[in-house]
Amino acid sequence: MGSAPSPNDLPPRYDPSGLEGPLYERWVDNGLFHVAAADADRPYVIVIPPPNVTAVLHMGHGLNNTLQDVLVRRRRMQGYDTLWVPGTDHAGIATQNVVERQIGEEGSTRFDLGREAFVDRVWTWVREYGDRIIGQLRDIGCSCDWERTRFTLDDGLSGAVREVFVRLYEKDLVYRGRYIINWCTRCATALSNEEAEHRDHNGKLYRIRYRLADGGDIEVATTRPETMLGDTALAVHPDDERYRDIVGRTAELPLVGRALPIVADEYVDPEFGSGVVKVTPAHDPNDFELGGRHDLEALDVMTDAGAMNDAVPEPYRGLDRFEARKRVVQDLKTGGYLIAVEDHAHSVGRCYRCDTIVEPRLSLQWFVRMAPLAEPALAAYERGDLRFHPARYGKTYQNWMENIRDWCISRQLWWGHRIPVWYCGAPDCGDVIVARDDPADCPRCGGDVEQDADVLDTWFSSWLWPFSTLGWPDETEDLDAFYPTDTLVTAPEILFFWVARMVMAGCEFMGEIPFTDVLLNGTVRDHHGRRMSKSLGNGIDPLEVVDAYGADAMRFTLVRGSPLGTDLQLNNEDLEEAFRPGRNFANKMWNAARFALPHVRAAPDGAPISDELADRWILSRLARVTTEIDDAFEGFRLHEVAETCHAFVWGDFCDWYLELSKRRLGTPDDPAEAAGRTLTLAMDGWLRLLHPIMPFITEAIAERLPGREADASLVTGPWPSAREAWIDAEAEAAIDALREFVAAVRALRSEYGVAPGTKVTVRLRDASEALTRALDAERESLAALAGIADVRPLADAPSEAGAHAVLRGGGELFVPLADVIDLDRERGRIESEAERVGRLLSRTKGKLDNPGFVANAPEEVVEREQAKVVSLEEQGARLEEKLRSLTSG
RNA sequence: GGGCGAAUAGCUCAGUCGGUUCAGAGCGCCUGCCUUACAAGCAGGAGGUCGGGGGUUCGAAUCCCUCUUCGCCCACCA
């Protein structure tokens with residue numbers, strides 16, 4: 001790992017860009033992120049949600065992958081055999097779209113290229129973006145095992161996909177059939193239910209008159225008038241008195257003239273509109289089912305591209321569906337069929353990849369029968385084996401599982417896994433062959449076979465990810481060692497697409513759920529609260545942030561800013577502001593290290609370290625903080641981990657410990673070099689606690705601490721354990737008292753504008769034991785902390801003019817300020833303080849006077865309130881006394 | 001039409017079991033400091049009726065009901 005850097009060679013300026021790259025390469029070169037299956041006694045495993053190869057990563061990925069890395073890094077430090085499996089997703093329809101767009105700009109289409117050449121083009125794209133994505137993950141600091149990088153379309157995973165299809169087919173859980181599916185007319189493919197996003201749409205409701213064959217007419221309403229060209233019946237509710245006598249008669253389809261039977265069906269809601277429904281079995285799922293019950297013809301009236309086909313008469317033939325709609329409405333109007341057009345807000349499905357309005361359409365597709373797969377996946381949740389964080393997502397999962405619908409898995413695309421099905425071309429055979437290996441000819445008749453032209457839904461490979469990446473269907477060592485995985489971190493919008501289906505696949509093919517804890521991270525939004533997206537142009541490129549402020553600063557900002565399940569708003573127009581918390585913190589640590597490193601001394605394990613109050617205090621605080629951080633980790637409250645580290649490093653270590661250590665470091669006051677050794681212990685502790693979140697800067701500092709093995713790295717731990725022996729209530733009480741004392745003097749100095757260089761003598765009366773102890777120990781620090789030249793006892797009535805303060809922890813202090821004191825101001829100050837204490841006192845007394853409180857509240861709460869009264873009364877009395885003396889004097 | 005989440009300081013957000021001098025942090029703002037690690041800093045401040053209303057309780061930012069606003073998910077009502 002190269003020679004150990006000398007202790008104090010940190011450059012004066014924190015420059016993450018020069019620091020992070022080399023450290024990352026060293027970690028990878030030393031194999032720190034790799035774990036062999038044979039060594040995995042105590043595994044901890046996460047599989048990455050494979051990013052789509054459609055584009056480079058955005059800040060949402062930055063957040064998602066940082067959270068995974070934080071979890072993974074802590075487990076690795078704890079000694080788990082930690083594996084984070086990386087990889088990318090071929091993202092079938094999405095990737096095909098971006099490449100189609102790319103060739104579109106060159107003026108051609110995928111059909112000009114042909115299937116093979118087009119797929120080659122996509123592979124070119126994939127190689128470029130796949131590499132860039134992996135590069136981004138490395139720049140963020142992700143500690144993935146790169147030797148196990150997978151792609152959903154690589155050979156191994158393709159084999160898994162084929163095996164799964166065949167197995168499901170053999171169990172009759174995959175079937176082919178004609179049903180209504182969501183058809184994207186632009187992508188010219190079927191979509192699953194999940195891939196059609198329903199959004200409100202301000203449409204129209206058209207009320208149309210249909211004539212009855214034997215006289216009279218009847219009103220029908222529709223939002224899609226062009227589909228009437230495919231009507232094959234009308235329907236009413238069987239109990240609807242109004243229409244009882246027309247059931248069984250026929251109506252005439254306007255513009256076409258086709259005779260439509262009138263049927264009665266429970267599906268029709270008599271309350272809606274006229275109570276009569278036009279039935280278009282080929283273009284509406286309900287109509288399709290209704291048609292099945294009444295043996296109606298299903299007439300598909302559109303082409304794949306969404307134009308009216310030859311089943312409709314001229315002049316509609318060949319018109320786009322929306323053109324046809326206009327023409328139909330116009331003709332209805334002309335023909336006197338149109339009763340009214342009303343505004344009608346309703347929900348319309350759109351393609352999740354191109355936003356085109358999907359057409360419900362009868363189509364021959366492949367489906368997965370989901371109910372049997374959902375059963376164990378649901379049971380795992382209900383047993384409590386599968387947990388969601390935040391827990392409320394469990395209900396969403398449960399609800400989806402309970403209302404599961406079959407999954408349309410065939411896509412009329414070129415980019416993806418080919419469906420492993422062949423059809424015999426022999427007219428008298430027509431056998432369907434579903435096979436693990438490509439058949440040369442028809443096994444039944446020896447005739448020529450042709451493979452199904454379609455590919456599988458991209459999620460049909462993703463749902464296998466937790467085990468296909470480990471080598472399944474082969475019984476590999478990896479699979480044995482690392483399945484099931486532990487934690488999944490992903491975004492809530494793919495709960496159904498991916499998470500739920502992975503659980504089903506895990507149960508079905510591995511007999512075990514694929515992970516136990518599912519963490520749902522929030523969405524990254526811009527400062528207007530809008531979701532970041534390419535089309536809005538409001539995204540933030542993680543690399544830009546890493547280049548400018550460092551991966552550590554970005555990671556810290558993200559982790560601290562987003563508790564699980566809550567969205568994160570970032571100012572995309574001012575990156576410096578957005579990432580300032582992380583950047584400032586990293587800079588602070590850097591400068592603290594620059595100060596401390598020249599003074600650190602080796603601290604052998606187990607030796608008693610120091611009797612100094614400050615030393616005992618910082619180690620006690622470190623022990624407590626370690627426990628807090630462990631608790632937060634166990635509850636996946638990573639934002640709390642970040643916050644606690646920040647408060648400790650900045651608020652305790654830098655603001656107080658370093659300041660208190662200054663008088664001793666490198667001086668005869670520290671003969672045994674206790675301060676130098678304590679520095680080492682304290683820094684070693686917080687550097688480790690912070691390493692999962694800010695791996696680079698912590699490693700850079702830690703490797704300069706003394707007493708380390710030459711090739712030691714924080715990456716491999718150990719994770720600090722909270723040392724009970726370091727807990728020191730006495731030292732904590734003393735330093736707390738000192739902090740209050742110093743703060744009080746500073747406040748008085750500031751209040752009266754005492755010049756920074758002016759030293760004051762503070763007089764003190766009735767100081768608490770803790771404060772007395774602290775002042776004895778830290779008298780030498782007082783000048784630097786608060787410009788205090790000396791602390792002397794306070795006589796009962798100070799003869800000089802000055803400012804008073806009463807300490808909560810006990811005691812009263814006086815700062816002689818004859819030159820600057822303003823008695824009115826002092827009186828006002830004391831008055832308002834006395835008022836504040838008085839308010840608190842009466843509130844607290846009120847509680848204690850309430851018999852209900854004393855009777856019902858826990859004893860310790862009551863005792864606390866009683867102690868509070870004593871303290872407040874004491875403070876109040878001192879303040880009143882002071883006020884009297886100021887008034888009389 | 002159902003279900004869920006959010007509303008706390010100017011901004012972005014914490015606040016676990018209802019109870020600690022509990023109303024907090026960061027950023028921004030004001031005042032004073034280039035104090036020999038750090039001006040990306042230090043010290044001291046200002047700033048909030050915890051969205052409105054009602055309830056439970058000795059006690060509510062926290063639990064219940066309700067209303068308002070915003071956001072998300074699910075749903076075949078033509």
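Quick caveat, the model's predicted, so the values are computed rather than measured.
To the nearest angstrom, C1' of B:G2 lies 16 Å from CD of A:Q398. Separating the CZ atom of A:R808 from the P atom of B:U20 is a distance of 13 Å, rounded to the nearest angstrom. Rounded to whole angstrom, the span from the CD1 atom of A:I180 across to the C1' atom of B:A78 amounts to 14 Å. One atom, CZ of A:F272, and another, P of B:C77, lie 10 Å apart when rounded to the nearest Å. To the nearest angstrom, C1' of B:C72 lies 8 Å from CZ of A:R525. Atom-to-atom, CG of A:D736 to C1' of B:U20 comes out at 13 Å; the value is rounded to the nearest Å. In this entry the distance linking CG of A:D200 with P of B:C77 reads 10 Å, nearest Å. Distance A:R224 CZ to B:C77 C1': 13 Å, rounded to the nearest Å.
Taking the C1' atom of each, B:C29 and B:U12 are spaced 16 Å apart, rounded to whole Å. Distance check on atom P: B:G51 versus B:U62 gives 8 Å, rounded to whole Å. To the nearest whole angstrom, the two C1' atoms, one in B:C70 and one in B:G26, are 24 Å apart. Nucleotides B:A60 and B:U49 have their C1' atoms positioned 14 Å apart, rounded to a whole Å. Nucleotides B:C27 and B:G71 are separated by 30 Å at their P atoms, to the nearest Å. When the P atom is used for both B:G52 and B:C72, the distance is 25 Å, rounded to whole Å. Between B:C17 and B:C22, the distance separating the two C1' atoms is 15 Å to the nearest Å. Comparing the same atom, P, in B:G48 and in B:A43 gives a spacing of 24 Å after rounding to whole Å.
The aromatic rings of A:F585 and A:W650 lie parallel to each other, with less than 30° between the two planes, well short of the 60° mark. Ring geometry for A:Y14 versus A:W590: interplanar angle of 30 to 60°, hence tilted.
A:Q875 comes within contact range of at least one nucleobase, with a heavy-atom separation under 4.0 Å. Using a 4.0 Å heavy-atom criterion, one finds that A:R405 contacts the sugar-phosphate atoms exclusively. At the heavy-atom level, A:F496 lies under 4.0 Å from the strands shown only through sugar-phosphate atoms. Contact annotation for A:T844: no contact, since no heavy-atom pair falls under 4.0 Å across all strands. Within the 4.0 angstrom heavy-atom criterion, no nucleotide atom of any strand lies near A:L495.
Here A:K845 does not pair with A:E865 in a salt bridge; the nearest charged N to carboxylate O distance is not below 4.0 Å. Note on A:E576 versus A:R580: salt bridge recorded, some NZ/NE/NH1/NH2 to OD/OE distance being below 4.0 Å. Using a 4.0 Å cut-off between charged side-chain N and carboxylate O, A:E342 and A:R207 make a salt bridge. Ion pairing between A:E195 and A:R350 fails under the 4.0 Å rule for side-chain N and carboxylate O.
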With a cut-off of 3.5 Å and sequence neighbours excluded, list every side-chain donor-acceptor pair involving residues 848-859 of chain A.
from, atom 1, to, atom 2, distance (Å)
A:N850, OD1, A:G852, N, 2.8
A:N856, ND2, A:G852, O, 2.9

Could you run down nucleotides 4-18 of chain B 5' to 3' and tag each one B, S or - for protein heavy-atom contact under 4.0 Å? SS------SSS----

Using a 4.0 Å heavy-atom cut-off, write out nucleotides 32-45 of chain B from 5' to 3' as B (base contacted by protein), S (sugar-phosphate only) or - (no contact). -----BB-BSSSSS

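Legend: residues meeting side-chain hydrogen bond (donor to acceptor under 3.5 Å, both in side chains) with A:Q398, ordered by chain and number and at least two apart, are A:E382. By the side chain to side chain contact (heavy atoms under 4.5 Å, CB included) test, A:E643 is found to be paired with A:R560, residues two or more places apart in sequence or in another chain being considered. Applying the ring pair (Phe, Tyr, Trp, His ring centres under 6.0 Å) criterion to A:Y752, with sequence neighbours excluded, gives no partner residue. For A:R13, the side-chain hydrogen bond (donor to acceptor under 3.5 Å, both in side chains) test picks out no residue, with sequence neighbours left out. A search for side-chain hydrogen bond (donor to acceptor under 3.5 Å, both in side chains) contacts involving A:Y549 returns nothing, not counting sequence neighbours. Residues meeting the ring pair (Phe, Tyr, Trp, His ring centres under 6.0 Å) test with A:Y337, sequence neighbours left out: none.
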Salt bridge (charged side-chain N to carboxylate O under 4.0 Å, His left out) evaluation trace for A:R878 with A:E874: CA-CA 6 Å; A:R878 287 179 187 279; A:E874 159 85 15; 2.5 Å; yes

Is there any protein nitrogen or oxygen under 3.5 Å from a nitrogen or oxygen in nucleotides 55-62 of chain B, and what are the pairs?
from, atom 1, to, atom 2, distance (Å)
B:C58, O2', A:N850, ND2, 2.2

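Side-chain atoms of A:T644 come within 3.5 Å of backbone atoms of A:E640 as a donor-acceptor pair (strictly under, hydrogens ignored).
The side chain of A:N399 lies closest to B:C74 when the candidates are B:C76, B:U20, B:C74. Closest to the side chain of A:E865, out of B:C73, B:U20, B:A78, is B:U20.
The salt bridge (Lys or Arg N to Asp or Glu O under 4.0 Å) pairs that include a residue from residues 272-289 of chain A are A:D231-A:K278, where partners are two or more places apart or lie in different chains.
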As a check on the pairing definition, encode RNA chain B in dot-bracket form, counting Watson-Crick and G-U wobble pairs whose two distances are under 3.5 Å, and using | for partners outside this strand. (((((((..((((.....[....)))).(((((.......))))).....(((((..]....))))))))))))....

